[in-house]
Amino acid sequence: MEKLVKAIRDVVVANRILAREGVVDAYGHVSIRHPDNPEHYLMSRSRSPELVTLDDIMEFRLDGEPIDDRGRQPYAERHIHGAIYEKRPEMMSAVHNHSHDVIPYTVTPVKLRPVAHVGAAIGAEVPVWDIRDNFGDTNLLVMNMEQGRDLADTLADNQVVLMRGHGCAVSGRSIYESVMVSIYLQVNAKLQANAMNLGEPVYLSPGEISQCHETFMSDFSVDRAWEYFRSRANVTGV
Ligand SMILES: [Zn+2]
């Protein structure tokens, strides 16, 4: 029970942090796998992340069915989360966002790649999923498990998958990791665009990505970042 209370608090804090950093706006969401039941996850009702409170957090089965909705409306795109948890048993958290800095890399041939050490958080390979490939013309939202699983297949063994004309999905071994990767995905997207304006960037090598990733995703580093971002978000009432 104690673990569950902490998980619910962490989801609320994660929502506020992502809002403060501009990774999410009116839209976007973050979830955590249920600490006592890996077949369930916890996520807010359909509400803008900046406004999420403890009472908003709902429990879902991996197929997206709410356990006890108490009249609360879930996010339409919750299937992104369940499909990632199904595909990647080691992942304990997921984030979906529409970062404006990331979207250009979903609609051009330019590959999003780490250009700075903090950018190594995104991993060496960032695949792009196009919903149109298998589902034709849609509203671009991931509205069911079939679409979610197709997205998770493109994510494969990577940390992040971009979604053409829409945004991205980020996975993490903890909620601290998924939040940190989401923030530095946006940072790297900006830095890469700035660098490309000046010339051809020098990208991190695969060996550098792996070493930087290990350093930045260490417990020490992630704890320090979480304390900082939580303070910046001025989280109260949690
Ligand atoms: Zn979306």
Side-chain angles (χ1 to χ4, degrees), residues 11-12 14-33 41-52 56-58 60 62-66 69 72-88 91 93-108 112 122 126-156 158-172 175 178-190:
V11 176
V12 174
N15 272 277
R16 308 279 187 83
I17 289 174
L18 291 170
R20 171 66 179 86
E21 299 307 319
V23 173
V24 293
D25 48 21
Y27 305 104
H29 22 87
V30 51
S31 70
I32 188 169
R33 198 189 285 270
Y41 64 94
L42 305 163
M43 188 163 68
S44 172
R45 70 181 170 97
S46 183
R47 196 173 196 197
S48 298
E50 186 168 315
L51 307 175
V52 166
D56 295 321
I57 306 306
M58 301 173 66
F60 297 92
L62 295 194
D63 66 6
E65 276 304 301
D69 63 19
R72 294 170 294 181
Q73 173 76 37
Y75 289 119
E77 290 196 284
R78 63 191 178 282
H79 304 290
I80 293 170
H81 301 256
I84 289 175
Y85 294 131
E86 256 185 14
K87 176 93 181 171
R88 301 287 298 278
M91 291 305 181
S93 176
V95 173
H96 169 57
N97 72 73
H98 306 152
S99 169
H100 298 177
D101 296 307
V102 170
I103 288 176
Y105 299 89
T106 76
V107 293
T108 60
L112 183 52
I122 67 177
V126 180
V128 181
W129 177 71
D130 189 341
I131 194 169
R132 198 161 60 204
D133 288 348
N134 287 328
F135 300 97
D137 287 347
T138 63
N139 62 4
L140 272 73
L141 303 184
V142 176
M143 299 290 282
N144 55 54
M145 280 308 284
E146 197 188 353
Q147 293 170 340
R149 286 176 182 133
D150 197 54
L151 172 69
D153 284 346
T154 302
L155 169 68
N158 302 294
Q159 186 106 34
V160 175
V161 58
L162 305 189
M163 302 159 74
R164 194 266 305 161
H166 180 172
C168 62
V170 174
S171 59
I175 195 164
S178 67
V179 167
M180 199 165 158
V181 172
S182 300
I183 292 169
Y184 287 105
L185 171 67
Q186 181 170 265
V187 167
N188 193 85
K190 276 185 204 163

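All values derive from a computational prediction rather than experimental measurement. Just so you know, ligand 1 is whichever comes first in the structure, and atom 1 is the first atom listed for that ligand.
A salt bridge is defined here as a Lys NZ or Arg NE, NH1 or NH2 lying under 4.0 Å from an Asp or Glu carboxylate O, and Glu86 with Arg149 meets this definition.
When only modelled atom types and interatomic distance are considered, His96 and His81 share no side-chain donor-acceptor pair under 3.5 Å. With no hydrogens or angles considered, a side-chain donor-acceptor pair links Tyr85 and Ser31 at under 3.5 Å. When only modelled atom types and interatomic distance are considered, Ser171 and Gln159 share no side-chain donor-acceptor pair under 3.5 Å.
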Is there a salt bridge (charged side-chain N to carboxylate O under 4.0 Å, His left out) between Asp56 and Arg72 once you walk through the steps?
CA-CA 8 Å; Asp56 295 321; Arg72 294 170 294 181; over 6 Å; no
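Around the Zn ion (ligand 1), protein N, O or S atoms at less than 2.8 Å comprise Glu77 OE1, His96 NE2, His98 NE2, His166 NE2.
When the salt bridge (Lys or Arg N to Asp or Glu O under 4.0 Å) test is applied to Asp150, no partner is found at least two apart in sequence or on another chain.
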